[in-house]
There are 2 protein chains.
Amino acid sequence: MKWQELGEKNCPVARSLSILGDRWTLLIIRNAFLRTCRFEDFQKQLGITRHLLSDRLNRLVEKNVFKKVLYQEAPKRYEYKLTEAGLALYPVMLVLTKWGNTWMNEDGSHPPLEYVHKPCGHKTSPELCCSECGEEIHVRDMMPLLDRLQDNAESPLTGISS
Amino acid sequence: MKWQELGEKNCPVARSLSILGDRWTLLIIRNAFLRTCRFEDFQKQLGITRHLLSDRLNRLVEKNVFKKVLYQEAPKRYEYKLTEAGLALYPVMLVLTKWGNTWMNEDGSHPPLEYVHKPCGHKTSPELCCSECGEEIHVRDMMPLLDRLQDNAESPLTGISS
DNA sequence: CTCTCTGCGTTCTAAAATGGAACTTACCGT
DNA sequence: ACGGTAAGTTCCATTTTAGAACGCAGAGAG
């Protein structure tokens with residue numbers, strides 16, 4: 001499969017990964033949530049090569065995850081800001097944070113990154129909940145709606161665990 | 001930065017991405033949630049080269065996302081099953097599904113992948129909620145606990161959007 | 001006016017990862 | 001003996017990436 005084809009798939013996971021699925025993109029977005037927004041800063045913080053950074057930022061602008069905002073005329077300089085689509089990736093960050101805290105810390109050598117939920121004031125662990133009943137979502141409780149074509153490579157994510 | 005260094009970072013997002021952050025890994029895991037568990041099936045469904053598939057499966061076994069389960073003696077054949085750590089990636093799948101449905105479908109050409117939450121019987125949209133108060137989580141409501149070292153490349157994810 | 005600095009890339013070459021196809025091994029059924 | 005199945009391995013051409021140097025357009029200092 002050519003990589004570019006992913007963006008055309010009917011599976012939304014495949015489409016998401018056509019943008020996010022590489023070694024640097026999600027790290028760049030992580031740092032954007034940390035308020036980094038300039039080329040030099042991304043480069044220094046991540047240690048990514050300038051070439052790749054330029055490439056990824058352009059792609060993310062093209063895909064509407066970042067927007068360029070002029071902050072200086074002559075020479076023109078832009079900040080890379082998260083768009084609405086980019087900000088909507090915050091759950092991805094939190095979910096990866098939680099997974100990394102729990103499962104990428106076998107020897108306990110890394111202190112977990114924890115958050116306080118300001119409105120209620122408690123240390124919180126984000127959970128995926130049903131928008132209708134509010135209950136926490138478990139793998140086997142989810143049933144995909146299958147009014148779609150189903151060839152092997154594009155079948156939707158089922159809710160049934162192995 | 002060497003890629004391998006990512007796994008040693010204090011940032012849990014970086015550690016998660018040290019396993020998940022490449023072109024194929026999350027697609028392989030997606031298909032595992034679709035109940036695929038054999039080499040040949042992954043290969044056919046994804047169109048990934050056998051070389052890479054072998055590589056990625058071994059890495060995921062090593063990192064405790066998959067476990068090998070013998071299903072045939074002589075010759076020994078194994079199925080690749082999600083471990084507890086692997087099953088814990090389900091929220092990642094759902095969050096990527098939701099993002100792809102919403103933001104990777106500009107022209108509306110892809111039908112959204114929707115789910116029914118069986119316990120309540122409604123079509124649902126998974127939301128990240130606070131484990132303590134149950135309210136939906138928004139970027140600006142989250143405050144990281146900063147009792148950790150904070151060098152540039154490893155500062156934790158703040159809750160403050162740009 | 002020259003000199004250096006900042007910010008953001010681009011260019012270059014070498015090293016690494018990937019794609020695609022053929023090959024291997026060990027068994028099974030007929 | 002022969003074809004089929006399952007899970008890789010091997011080989012080579014093509015792409016990507018890393019790392020460092022270079023380019024360029026101003027800004028500010030002397």
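Values reported hereafter were calculated over all heavy atoms of this structure, with side chains retained and with hydrogens, waters and symmetry mates removed. Naming: A, B, ... by sequence-line order, numbering from 1 per chain.
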Colleague: Measure CG/A/D41 against P/C/dC8 and give the value in whole Å, please.
Modeller: 8 Å
Colleague: Which nucleotide sits closest to the side chain of A/R77: C/dG7, C/dA26, C/dG19?
Modeller: C/dG7
Colleague: Rounded to whole Å, please give me the gap between CZ in A/R23 and P in D/dA18.
Modeller: 8 Å
Colleague: I want to confirm an ordering. Mapping B/E40 and A/R50 to their closest nucleotides on DNA chain D, which one lands closer to the 5' end?
Modeller: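 Closest to the 5' end, via its nearest nucleotide, is B/E40.
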Colleague: Applying a 4.0 Å non-hydrogen cut-off, can you work out what B/Y71 is touching in the nucleic acid: base, sugar-phosphate, or nothing?
Modeller: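 Contact class for B/Y71: sugar-phosphate only.
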Colleague: What protein N or O atoms touch nucleotides 28-30 of chain C N or O atoms at under 3.5 angstrom, if any, and at what distances?
Modeller:
none

Colleague: Between A/Y78 (OH) and D/dA25 (P), how many Å, whole number?
Modeller: 15 Å
Colleague: Locate the shortest heavy-atom distance separating A/L87 from A/F33; write the atom from each residue and the value.
Modeller: O-CZ, 3.7 Å
Colleague: Polar-atom pairs under 3.5 Å, protein N or O versus N or O of nucleotides 2-5 of chain C: list them with distances, or write none.
Modeller:
none

Colleague: In whole angstroms, how far is the C1' atom of D/dA18 from the CG atom of A/L27?
Modeller: 16 Å
Colleague: Which nucleotide sits closest to the side chain of B/H51: D/dT10, C/dC8, D/dA6?
Modeller: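 The answer is D/dT10.
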Colleague: Provide, to the nearest angstrom, the distance between the NZ atom belonging to B/K68 and the C1' atom belonging to D/dA6.
Modeller: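 So the NZ-C1' distance, B/K68 to D/dA6, works out to 13 Å.
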Colleague: Are A/Y80 and C/dG7 close enough that a side-chain N or O sits under 4.0 Å from OP1 or OP2?
Modeller: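 False: A/Y80 side-chain N/O out of range (4.0 Å or more) of C/dG7 OP1/OP2.
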Colleague: Find out whether B/R140 and A/K118 are in side-chain contact, i.e. whether some heavy atom of one side chain is under 4.5 Å from a heavy atom of the other.
Modeller: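 Answer no - side chains too far apart.
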Colleague: Work out which heavy atom in B/R30 is nearest to a heavy atom in B/L46; give both atom names and the distance.
Modeller: NH2-CD2, 3.8 Å
Colleague: Are a donor atom and an acceptor atom from the side chains of A/H110 and A/N105 found within less than 3.5 Å of each other?
Modeller: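 Absent: no donor and acceptor within the cut-off.
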Colleague: Side-chain contact test, heavy atoms from C-beta onward, threshold under 4.5 Å: evaluate it for A/L20 versus A/L89 and give yes or no.
Modeller: yes
Colleague: Does any part of the side chain of B/E114, heavy atoms only, come nearer than 4.5 Å to the side chain of B/K123, both counted from C-beta?
Modeller: yes
Colleague: Only counting residues at least two apart or in another chain, list the ones meeting side-chain contact (heavy atoms from CB on, under 4.5 Å) with A/S125.
Modeller: A/K98, B/S131
Colleague: When the nearest nucleotide of DNA chain D is assigned to B/C37 and to A/T49 on a heavy-atom basis, which residue is associated with the more 5' position?
Modeller: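 Nearest-nucleotide comparison on DNA chain D picks B/C37.
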Colleague: Between B/M142 and B/I137, does a side chain to side chain contact (heavy atoms under 4.5 Å, CB included) hold up when you go through it step by step?
Modeller: CA-CA 8 Å; B/M142 295 293 274; B/I137 283 177; 3.8 Å; yes
Colleague: What pairs with B/E40 under salt bridge (charged side-chain N to carboxylate O under 4.0 Å, His left out), at least two apart in sequence or on another chain?
Modeller: B/R50
Colleague: Taking the side chain as everything from C-beta on, heavy atoms only, tell me whether B/L52 gets closer than 4.5 Å to B/W24.
Modeller: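 Answer yes - side chains close enough.
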Colleague: Using whole Å, what does the distance between atom P of nucleotide D/dA7 and atom CD of B/E79 come to?
Modeller: 8 Å
Colleague: Would you give me the side-chain donor-acceptor pairs under 3.5 Å for residues 56-75 of chain A, sequence neighbours excluded?
Modeller:
{"residue": "A/R56", "atom": "NE", "partner": "A/D22", "partner atom": "OD2", "Å": "2.4"}
{"residue": "A/R56", "atom": "NH2", "partner": "A/D22", "partner atom": "OD2", "Å": "2.9"}
{"residue": "A/N58", "atom": "ND2", "partner": "A/S54", "partner atom": "O", "Å": "3.2"}
{"residue": "A/Q72", "atom": "NE2", "partner": "A/P75", "partner atom": "O", "Å": "3.1"}

Colleague: For A/T124 and A/V116, work out which heavy atoms get closest and say how close.
Modeller: CG2-C, 4.5 Å
Colleague: Check DNA chain D against residues 52-65 of chain A and give the residues with a non-hydrogen atom under 4.0 Å, in numerical order.
Modeller: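 The answer is A/L52, A/R56.
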Colleague: Provide, to the nearest angstrom, the distance between the CG atom belonging to A/L46 and the P atom belonging to D/dG19.
Modeller: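 One finds 13 Å between P of D/dG19 and CG of A/L46, rounded.
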Colleague: To the nearest angstrom, how far is B/Q43 atom CD from D/dG8 atom P?
Modeller: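 To the nearest whole Å, that distance equals 12 Å.
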